[in-house]
Amino acid sequence: MNSPQTSARTGTVYLIGSGPGELDLLTLRAARLLGEADAVVYDHLIADGVLELVRADSQRIYVGKETSNHTVPQEELNLLLVRLAREGKKVVRLKGGDPFIFGRGGEEIETLFEFGIPFEVVPGVTAAAGCAAYAGIPLTHRDHAQAVVFVTGHLRDGTVNLDWPALARLNQTVVFYMGVGGIDEICRQMINHGLPANHPAAVVQNGTTIRQRVLTADLASLPGKVKAAGVTSPALIIVGSVVSLQQKLQWFKPETTSSNQSNRQ
Ligand code: SAH
């Protein structure tokens, strides 16, 4: 509970991370709250089957975003949560992965705070953790990486405006969210800022699901390999020598059916 202005009839908003895609990576807490919710406001990157946990009589509102197609403007969405809570509803705002990692969760609850709406945040398994685990790429390892950086590779004006000298370091792992569209630029900049062209790098598409695909290569050859394979969103780029462990540590065998090649959007 976060504000003294809250009236007894105002509902609470639960900002919930639904994990990276595999349904049973959802937390028990998230599952319980989904079953209790009067209204669920959800994005497109949520696990298949997650809405089946929602009560049949509860209101479901899709506000999915795709990079070039913002279904509901953020401002409007923030106010929608306020309105639903003021109707006295128990509202679940469901997001992919973790709500505080590239999920705009902070912006949404800032608005709730301003309007005196009570809220709680339920963490989820973020895509980097889920993809790394299911691909067999430990994000840190005593022999390879003492640090891991999560960064957005989302293109603004055709360039990725990042602190390249800080990212292009040997003893760390860098995970790019939303980076597939900018993969040429990302790999080029990592090499230009000092990493060897043969530094290991991977892409994980639809991580943790039966449609997971993992491509491993190096900075020089990854973009070509990704294009040849037709990788689309959602996918993560992982750069670091930990990627070299993947061949040994991969354990997850997604089904080799035709659905393996499709993506989740
Ligand atoms: N809040 C989310 C991230 C939202 S940004 C989280 O914590 O995971 C959306 C980006 O996350 C996608 O563009 C992609 O880079 C990544 N992503 C989400 N789910 C993924 C998955 N199953 N496999 C690979 N990447 C994924």
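Predicted model only: the values in this text are computed from it and were never measured. Counting starts at 1 for both ligands and their atoms, in listed order.
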- Of the options Glu107, Glu108, Glu120, which is the one that meets Arg93 in a salt bridge (charged side-chain N to carboxylate O under 4.0 Å, His left out)?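 By the salt bridge (charged side-chain N to carboxylate O under 4.0 Å, His left out) criterion, Arg93 pairs with just one of Glu107, Glu108, Glu120: Glu108.
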
- Is Asp43 paired with Lys95 through a side-chain N to carboxylate O contact shorter than 4.0 Å? yes

- Item | Residues Asp218 and Lys225 bridged, charged N to O under 4.0 Å | no

Show me which atoms of ligand 1 lie under 4.0 Å from any heavy atom of [X].
X	value
Gly207	21 (C), 22 (N), 23 (N), 24 (C)
Ile101	1 (N), 2 (C), 3 (C), 6 (C), 7 (O)
Val204	24 (C)
Tyr177	3 (C), 6 (C), 8 (O), 11 (O), 15 (O), 16 (C)
Thr126	6 (C), 7 (O), 8 (O)
Leu236	15 (O), 16 (C), 24 (C), 25 (N)
Cys131	23 (N), 24 (C)

- Query: When you measure from atom 18 (C) of ligand 1 to each heavy atom in Ala127, Pro99, Pro123, which option holds the nearest one?
  - Reply: Ala127

- Note on the structure: To atom 22 (N) of ligand 1, the nearest of Ala128, Gly21, Pro20 on a heavy-atom basis is Pro20

- Does ligand 1 have an atom that lies less than 4.0 angstrom from a heavy atom of Leu45? yes

- Task: May I have the step-by-step check of side chain to side chain donor-acceptor pair (under 3.5 Å) for Thr126 and Asp98, ending in yes or no?
- Result: CA-CA 5 Å; Thr126 191; Asp98 181 88; 6.0 Å; no

- Below 3.5 angstrom, do we get any N/O pair linking Asp98 and ligand 1?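 In this structure, Asp98 places an N or O atom under 3.5 Å from an N or O of ligand 1.
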
- Query: Short N/O distance, under 3.5 Å, between Ala235 and ligand 1?
  - Reply: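 So ligand 1 has an N or O lying under 3.5 Å from an N or O of Ala235.
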
- Message: I want to know whether Tyr14 and Phe119 have ring centres closer than 6.0 Å.
- Response: no

- Indicate whether the side chain of Ser18 and that of Tyr42 have a donor and an acceptor atom separated by less than 3.5 Å. no

- For Asn206 and Thr209, does a side-chain donor sit closer than 3.5 Å to a side-chain acceptor?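 Note: Asn206 and Thr209 side chains miss the donor-acceptor criterion.
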
- Query: Do Val125 and Leu23 share a hydrophobic cluster (ILVMFWY, side-chain heavy atoms under 4.5 Å, transitive)?
  - Reply: no

